[in-house]
There are 2 protein chains.
Amino acid sequence: MPAHGMADELHDVVEHRLRRIDQRYTAGRRAIIDLLVSAEHPVSIADIAERLPSLPRSSAYRHLVDLQAAGVVRRITANDEFTRFELDENLTGHHHHLLCVNCGKVTDITLPAGFEQDVDKAISQLADAESFEPLSHRLDVLGVCAGCQ
Amino acid sequence: MPAHGMADELHDVVEHRLRRIDQRYTAGRRAIIDLLVSAEHPVSIADIAERLPSLPRSSAYRHLVDLQAAGVVRRITANDEFTRFELDENLTGHHHHLLCVNCGKVTDITLPAGFEQDVDKAISQLADAESFEPLSHRLDVLGVCAGCQ
DNA sequence: CTACTTGCAAATGCTTTGCAGGAGA
DNA sequence: TCTCCTGCAAAGCATTTGCAAGTAG
């Protein structure tokens, strides 16, 4: 019996969170999670359809809704193109994105912890002035990726 | 003959930029610009339809495409709701947004100049490592607005 | 006159849903 | 068995587009 690797632990977490909302961790859902893990960057529905040809789009959409409800997947909006999905930050850690304005490619980046603290500090000050309660932030960089230059 | 106010200068700029791409500054387009100016925050197509009932949606969409092409309007994507539009930053100045996760309301905020420089610096360092050419950034704060608490 | 603008209606295209059969516990 | 999951086809909706008439220069 093999020891549990990172991926196995992740699957355990996903299964547990799905069960919390009376949902099951079925093959289709696991295939999506595996895809998100291996991709290492946000993927679109088109990406999923391409990599999982046997999974009907309607099922993919439904799975993604359920996985979001379970708190393991997050829907993001790149520039103004296609909706993309990634593992929730509580599984991958807080990070940001580089968005290619030409091809739409999305790359994950992690900023220095000290910088993130400065961001939160600056945000909370301004939010207070608006009586706005900040929950999280997202910092996206728009530009041209290596392949499009 | 009255002196030109801010709004008049803005309209002159819009007209000039439209002419550059062989487009005319017609009544419908001006109505949209006026709306964006007075709103002081990003507006959705639904907002436009509500405030400009006589303007057909198809025309609104087309105007917004043209105004973007002219570089006076920018399309933004709030959380994962409706597409919204605002005047381009070269007309309003660089700023960011507070996004209410409950009602979708978008509020403009301006961060300290020094902070923006730090952001750009942190970004350019990471972008270099990825051979990514940064053009701009967007920093959105997700949370709950005053009215929804 | 020539080119851009508009409205309406029809077409798109992504996403959601109704249903009926299948599967997990 | 009872509840959740799947697929397919149909429905929804925001957005785009074809066309023909209107208008700016």
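Values reported hereafter were calculated over all heavy atoms of this structure, with side chains retained and with hydrogens, waters and symmetry mates removed. Per chain, numbering begins at 1; letters A, B, ... match sequence-line order. Just so it is clear, the model here is predicted, and its values are computed rather than measured.
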What nucleotide among dT16(C), dT5(C), dC4(D) has an atom nearest to a side-chain atom of Gln23(B)? dT5(C)
Which nucleotide in the list dC5(D), dG25(D), dT16(D) gets nearest to the side chain of Arg19(B)? dG25(D)
Is the phosphate of dG7(C) approached by Ser58(B) (side-chain N or O, under 4.0 Å from OP1 or OP2)? no
Which residue lies toward the 5' end of DNA chain C, Arg29(B) or Ile45(A), if each is placed at its nearest nucleotide? Arg29(B)
Counting any heavy atom closer than 4.0 Å, what does Asp66(A) reach on the DNA or RNA strands: base, sugar-phosphate only, or nothing? nothing
Taking any heavy-atom pair under 4.0 Å as a contact, classify Thr26(A): base, sugar-phosphate, or nothing.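 Sugar-phosphate only.
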Hey, which of Arg75(B), Glu86(B), Arg74(B) is the one that makes side chain to side chain contact (heavy atoms under 4.5 Å, CB included) with Pro42(B)?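 Checked Arg75(B), Glu86(B), Arg74(B) against Pro42(B); only one passes side chain to side chain contact (heavy atoms under 4.5 Å, CB included): Glu86(B).
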Nearest-angstrom distance from the residue atom [atom1] of [X] to [atom2] of [N]:
X        : N       : atom1 : atom2 : answer
Asp22(B) : dT5(C)  : CG    : C1'   : 14 Å
Leu18(B) : dT23(D) : CG    : C1'   : 16 Å
Ile48(A) : dT6(D)  : CD1   : C1'   : 16 Å
Leu64(B) : dT16(D) : CG    : C1'   : 13 Å
Arg57(A) : dT17(C) : CZ    : C1'   : 17 Å

If you take the centroid of each ring, where Trp contributes its six-membered ring, are His137(B) and His94(B) closer together than 6.0 Å?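 His94(B) vs His137(B): aromatic centres under 6.0 Å.
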Could you say whether Phe85(B) or Glu15(B) is positioned toward the 5' end of DNA chain D, judged by the nucleotide with the nearest heavy atom to each?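 Counting from the 5' end, the first nearest nucleotide belongs to Phe85(B).
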Check this for me: does the side-chain of Arg24(A) come within 3.5 Å of the base of dC4(D) through a donor and an acceptor? yes
Pair of N/O donor and acceptor under 3.5 Å linking dG7(D) base with Arg62(A) side chain: yes
Is any side-chain heavy atom of Val72(B) less than 4.5 Å from a side-chain heavy atom of Leu36(B)? no
